[in-house]
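Comments concern the structure below.
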Amino acid sequence: MPEIRTLLRKVEQMPHGSAKVEAARELWNLASQDEDASLRFEVLCETLEAAVFGGASDYFLALIPQMVRLKRDHPEAIDLFVYVWRLKWLATDITDYPEVPLERIRQAEAEYERELKSAGGSARTAIYVRWKNAVHMGRFEGTDPLREEFIGMRRDHHADCLACEANTLVRDALFHGDHVESEKRAAGILAGRTRCAEIPHLTLSHLALSAELNGEWDKAAAYHQKGYRLVRSNIKFVAEAGLHMAYLAASGDVERALRLLKTHIGWLEQNRTPISHYHFLLGAAATCQALTEKRKRALKLTLPAKWLIAWGDKPLSLGELAERFEQEGRALSKAFDRRNETAWHSQNFDQTLVRIREHRSSRPVSLGQEGHSRPS
Amino acid sequence: MGKISTQRFQVDLAGIISVLSEHLYSTPTVAFRELLQNSVDAIAARVSMQPGHAGAVSIELIENESTPTLVVEDNGVGLTEEEVHQFLATIGSSSKRSETHGAREKFIGQFGIGMLSCFVLSDEIVLITRSAVIPDSPSVEWRGRGDGTYAVRVLDADHPPGTRLYLKIKSSHAQLCTPRMLQQWFTHYGEYLPIPIELIAGGKSTRVTSPEAPWGHGGMQLMDQAGMWEIGTRYFGSEFIDMVPLRSVKGGLEGVAFISGQSRSMHAKPQHRLFLKGMLLSDQTEGLAPDWAVFVNIVANTTKLQPTASRESLVESPLLDETREEIGACILAYLRRLAESDKDKLAMLIQTHHLALKSLALEDDDVLRFIAPWFHFETSMGRMNFEEIRRQESPQYCTSVDRYRQLAPVASAENRCLINAGYVFDADLMAALAAEFPDVGLDSVSAMSFTDQLGEIPANKAHLFEHLVDVAAEALRPHQCRVEARVFQPATLPVLYVQNDAGHSKRALEQSKEVADEFFSSLLSDISSRIAADAFHVCYLNASNPLIQRLTKVKDDRRLRIVTEVLYLQSLLLGQYPITSKETRLLSDGLLQLIEMGLHNQ
């Protein structure tokens with residue numbers, strides 16, 4: 001049998017995605033029994049990373065207590081920097097699950113801050129995490145001072161990369177409905193000056209829809225063309241695939257939107273992150289709504305098992321599908337809003353669907369032809 | 001309100017030189033490049049004013065003192081006294097940005113910091129120059145020192161127009177200035193410069209520049225194939241299987257891409273040898289080709305791409321993006337040509353670089369259509385390419401190796417085409433192919449949708465299995481695994497255990513619960529219901545299997561429980577699932593009890 005470390009190097013070399021998650025998981029199954037605690041830690045951290053960047057956030061959350069236990073039992077085997085970095089993912093990724101109460105999120109933020117401090121990190125990243133969580137949860141009250149505070153502090157090696165920070169700033173502006181400001185904040189990303197494993201992928205998907213709805217069709221088309229290529233082959237980007245679908249539905253390229261729906265709906269079985277489903281459902285509902293304007297026939301999709309059980313495996317009409325996607329999206333929105341004690345997710349879901357519908361009906365098709373070309 | 005006074009920053013030249021030598025430039029030898037660059041640009045400036053001027057550069061090594069002196073001379077445009085003050089004494093000021101000396105695009109340098117790099121090699125730079133622009137302009141001597149001071153004087157002696165520069169090399173860098181090293185480094189940077197460069201060192205004179213460049217005029221037309229192979233091997237030290245001429249109009253780039261004969265990781269950062277107007281920018285340039293093109297190493301010359309201030313890499317810009325796309329198009333056109341003219345080579349190339357080409361096919365639907373027939377996949381009916389898969393009835397694909405392993409024996413026995421799309425990019429490739437070729441009926445298969453296709457037990461025999469299923473369900477309840485009896489092939493397989501990806505998360509969650517502290521216990525509780533709702537794991541008892549059929553006749557429930565538990569745990573082991581220590585104990589106890597029962601019956 002090949003040595004675990006050799007296999008680990010191979011897994012490290014794989015591009016992020018479901019295949020890497022599977023390989024890392026198998027490797028962890030193998031390594032978890034190894035006597036060498038530092039090797040176990042290395043493999044576990046690689047597995048956690050593969051899960052985070054490969055769309056398996058539930059596996060990440062289910063597995064991370066084993067890393068914490070490993071540190072408790074073998075503090076000498078731990079690379080504290082790597083450990084704290086994964087706790088940062090935990091402190092932010094748990095907001096993606098509406099079942100995790102606010103109190104737990106606060107505990108995770110505090111736990112991260114404590115470990116960050118013990119690893120010699122400044123308070124900046126802890127403040128950034130609190131701000132980012134608040135933005136992602138739509139709890140905007142009091143976020144501006146937090147933002148100013150972390151921006152005013154000196155970065156250290158625990159900070160997210162510049163591209164990731166800039167992307168959160170862009171989303172902050174977008175969630176406030178300020179498209180112009182979001183473009184300003186995205187300038188460095190759009191010029192290619194700041195990029196990373198997930199940026200500009202995330203930024204472009206949000207901006208494509210926002211630019212389209214704000215009448216900047218050429219820009220929107222360019223964001224879509226460039227952005228979709230980046231996200232189309234990693235199930236991590238379920239949300240982004242949904243946003244590109246929403247863009248296509250808004251721009252009137254509904255056949256292309258349908259193609260994205262057929263291509264990516266199977267991802268939901270493997271990437272089960274609720275917040276990603278939220279964005280995907282928005283795109284799926286917008287696509288099916290747009291399609292009902294053109295044709296009525298039933299559509300057979302490869303649905304995730306739980307929907308297959310709930311909805312049956314009979315092909316549903318486009319109208320029925322639009323309704324089901326909308327219902328699922330609304331149910332998720334409500335779950336998030338209940339936890340977040342806001343109404344942001346519901347409002348955003350409903351209002352965006354309405355805006356897409358109105359935009360499509362008022363958009364001059366001839367002017368938007370550029371937006372209809374396929375990424376190639 | 002107090003009066004605002006505007007002050008100038010003080011610049012510590014010694015500090016800046018330290019920054020240049022230790023942080024900006026990767027090696028002190030870049031000073032050689034800057035020397036060449038200034039000379040070549042000076043000649044370009046003169047040619048723009050005096051077309052037909054025959055430029056020449058000479059480099060001489062004088063070794064008759066304790067430390068060597070380097071003399072670099074060009075017959076370029078030269079400088080007037082005023083220009084000397086303006087350009088040589090002001091950091092960041094460059095004559096190449098002024099319109100006096102011709103079109104900026106003809107120059108290699110432009111930042112006005114190149115001369116400073118010479119202080120890395122020498123404490124003092126002496127420069128004698130005479131302008132070719134102003135008739136009867138006197139010769140001027142500029143003497144600059146590393147402490148930031150300089151002196152200028154007008155010389156009486158007549159010098160030909162151009163510039164001569166003297167560097168007394170620091171003893172710490174004397175080893176860089178041997179005849180052999182100078183030959184090596186000036187050739188390294190300046191081999192393909194369009195101006196003759198002569199090196200006089202060690203008592204002999206040699207030509208640094210080569211008569212022809214790899215990019216020639218129009219790709220490989222000037223240089224023969226053998227010469228190109230030699231260049232590829234010399235520069236990259238790898239075995240290549242082919243080469244592709246490159247041209248990017250937007251990036252003003254011409255060159256050659258060498259196709260590696262070795263498979264490379266998708267994380268590989270191939271290094272390219274990039275020249276800027278004939279001067280080597282870097283032999284470690286990354287990001288010149290599109291991300292998918294990990295299998296090429298490029299030698300190219302650009303006239304338009306922007307270097308960074310250190311001139312060792314390129315500025316990320318829309319122009320660079322467009323250049324990458326044009327380079328990608330050249331490589332793609334090559335692949336299309338191969339599909340027409342050399343199918344064996346294309347097959348070999350795809351086999352070697354399948355990951356890179358799969359990622360390319362995922363980026364571009366046209367490529368997908370053209371290249372898809374060449375990809376091979378593991379299937380329950382043996383290895384097949386996509387053309388062969390297309391001919392199968394309702395082919396299905398698994399998006400994980402794990403699920404494929406579970407289902408392939410059944411699919412194989414039932415003569416169904418099940419594709420293993422669990423390897424890197426394959427799942428997305430299948431989804432893209434399903435959308436691109438809807439007539440194929442290619443569909444992804446989940447654990448549940450596949451097992452839905454397992455045969456039902458005939459109604460008149462269903463009652464025979466009811467008791468067994470009830471007892472087995474009871475036995476496997478603690479494992480949270482459902483039990484169903486179905487009819488499937490191969491009949492030799494008694495149990496089929498199937499779980500989806502959420503099942504893995506659920507198993508991990510169960511394992512973590514055993515070690516979690518209070519906070520994590522609460523967190524795991526928060527998410528457990530969602531994970532459980534998504535998880536799907538079922539143990540299918542095969543009604544066609546003789547062992548299962550015999551079990552329907554066993555009346556002893558205790559014995560049935562033990563057997564089903566052992567069969568379940570064995571199927572986990574066969575599926576290579578991690579089993580907990582509790583499950584290991586159960587398996588061991590179960591086997592012992594079965595042995596005892598066997599002995600007792602004897």
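On a predicted model such as this, the values are computed, not experimentally measured, just so you know. Chain A is the first sequence line, chain B the second, and so forth, proteins listed ahead of strands; every chain is numbered from 1. What you see below is based on every heavy atom in this structure, not just the backbone, and it leaves out hydrogens, waters and symmetry mates.
- When heavy atoms are compared at a cutoff of 4.5 Å, A:Ile94 approaches chain B solely by way of its side chain, counted from C-beta outward.
- Using a 4.5 Å cut-off between heavy atoms, A:Gln270 contacts chain B through both its backbone and its side chain.
- With salt bridges taken as basic N to acidic carboxylate O contacts below 4.0 Å, one links B:Glu316 and A:Arg195.
- Proximity to chain A is limited to the side chain of B:Asp321, based on heavy atoms less than 4.5 angstrom apart.
- Closest of all the heavy-atom pairs between A:Ile235 and A:Asn271 is O-ND2, 2.7 Å.
- If you measure heavy-atom distances from A:Val68 to chain B, the contacts under 4.5 Å come from the side chain alone.
- When each of B:Leu429, B:Thr399, B:Leu368, B:Asp443 is scored by its heavy-atom pairs under 4.5 Å with chain A, the top score falls to B:Thr399.
- Residues B:Val515 and A:Arg72 come closest through the heavy atom pair O-NH2, 4.0 Å.
- Under a 4.0 Å N-O distance rule, the pair A:Glu111/A:Arg114 qualifies as a salt bridge.
- Under a 4.0 Å N-O distance rule, the pair B:Lys304/B:Glu322 does not qualify as a salt bridge.
- Comparing B:Val445, B:Val401, B:Asn500 by heavy-atom pairs within less than 4.5 Å of chain A, the highest count is held by B:Val401.
- A cation-pi geometry, defined here as NZ or CZ lying under 6.0 Å from the six-membered ring centre and within 45° of its normal, does not hold between A:Arg104 and A:Tyr97.
- With a 4.5 angstrom heavy-atom cutoff, B:Phe425 touches chain A only via side-chain atoms.
- Contact tally against chain A (heavy-atom pairs below 4.5 Å) for B:Leu509, B:Asp501, B:Leu524: the top residue is B:Asp501.
- Neither the backbone nor the side chain of A:Asp73 has a heavy atom closer than 4.5 Å to any heavy atom of chain B.
- No donor-acceptor distance shorter than 3.5 angstrom exists from the side chain of B:Asp426 to the backbone of B:Tyr397, with no hydrogens or angles considered.
- Using a 4.0 Å cut-off between charged nitrogen and carboxylate oxygen, A:Glu99 and B:Arg530 count as a salt-bridge pair.
- With a threshold of 4.5 angstrom between heavy atoms, B:Ile531 approaches chain A through side-chain atoms but not through N, CA, C or O.
- Of the listed residues (B:Ser317, B:Ala502, B:Ala533), the greatest number of heavy-atom pairs within a distance under 4.5 Å of chain A belongs to B:Ala502.
- In terms of heavy-atom pairs under 4.5 Å with chain B, the best-connected choice from A:Leu61, A:Leu63, A:Val100 is A:Val100.
- Interface remark: B:Glu510 contributes no atoms to any contact with chain A (heavy atom separation under 4.5 Å).
- Counting heavy-atom pairs closer than 4.5 Å to chain B, the top residue among A:Thr263, A:Val21, A:Leu230 is A:Thr263.
- Using a 4.5 Å cut-off between heavy atoms, A:Leu90 touches chain B through its side chain atoms alone.
- Of all the heavy atoms in A:His201 and A:Cys196, the pair that sits closest is CE1-O, 3.9 Å.
- For A:Glu12, the part lying near chain B is the backbone, with the side chain staying farther off; criterion is any non-hydrogen pair under 4.5 Å.
- Interface remark: A:Trp267 contributes side-chain atoms only to the contact with chain B (heavy atom separation under 4.5 Å).
- In this structure, chain B has a heavy atom under 4.5 Å from the side chain of A:Pro98, while its backbone stays farther away.
- Counting heavy-atom pairs closer than 4.5 Å to chain B, the top residue among A:Arg272, A:His264, A:Met14 is A:Arg272.
- Taking 4.0 Å as the cut-off between side-chain N and carboxylate O, A:Arg259 and A:Asp253 do not count as a salt-bridged pair.
- A donor-acceptor contact shorter than 3.5 Å links the side chain of A:Arg86 to the backbone of A:Cys45.
- Across all non-hydrogen atoms, the minimal contact from B:Ala361 to B:Ile371 is CB-CG2, 3.9 Å.
- By the 4.5 Å heavy-atom criterion applied to side chains, A:Phe53 and A:Trp89 are counted as neighbours.
- A salt bridge links B:Glu583 with B:Arg507: the distance from a Lys NZ or Arg NE/NH1/NH2 to an Asp or Glu carboxylate oxygen falls below 4.0 Å.
- With a threshold of 4.5 angstrom between heavy atoms, B:Asp428 approaches chain A through side-chain atoms but not through N, CA, C or O.
- Looking at A:Ala108, both its backbone and its side chain come within 4.5 Å of chain B, counting heavy atoms on both sides.
- Of the listed residues (B:His504, B:Met266, B:Lys358), the greatest number of heavy-atom pairs within a distance under 4.5 Å of chain A belongs to B:His504.
- Highest contact tally toward chain A, considering only B:Ala516, B:Ala432, B:Ser512, B:Ser400, is held by B:Ser512 [criterion: heavy-atom pairs under 4.5 Å].
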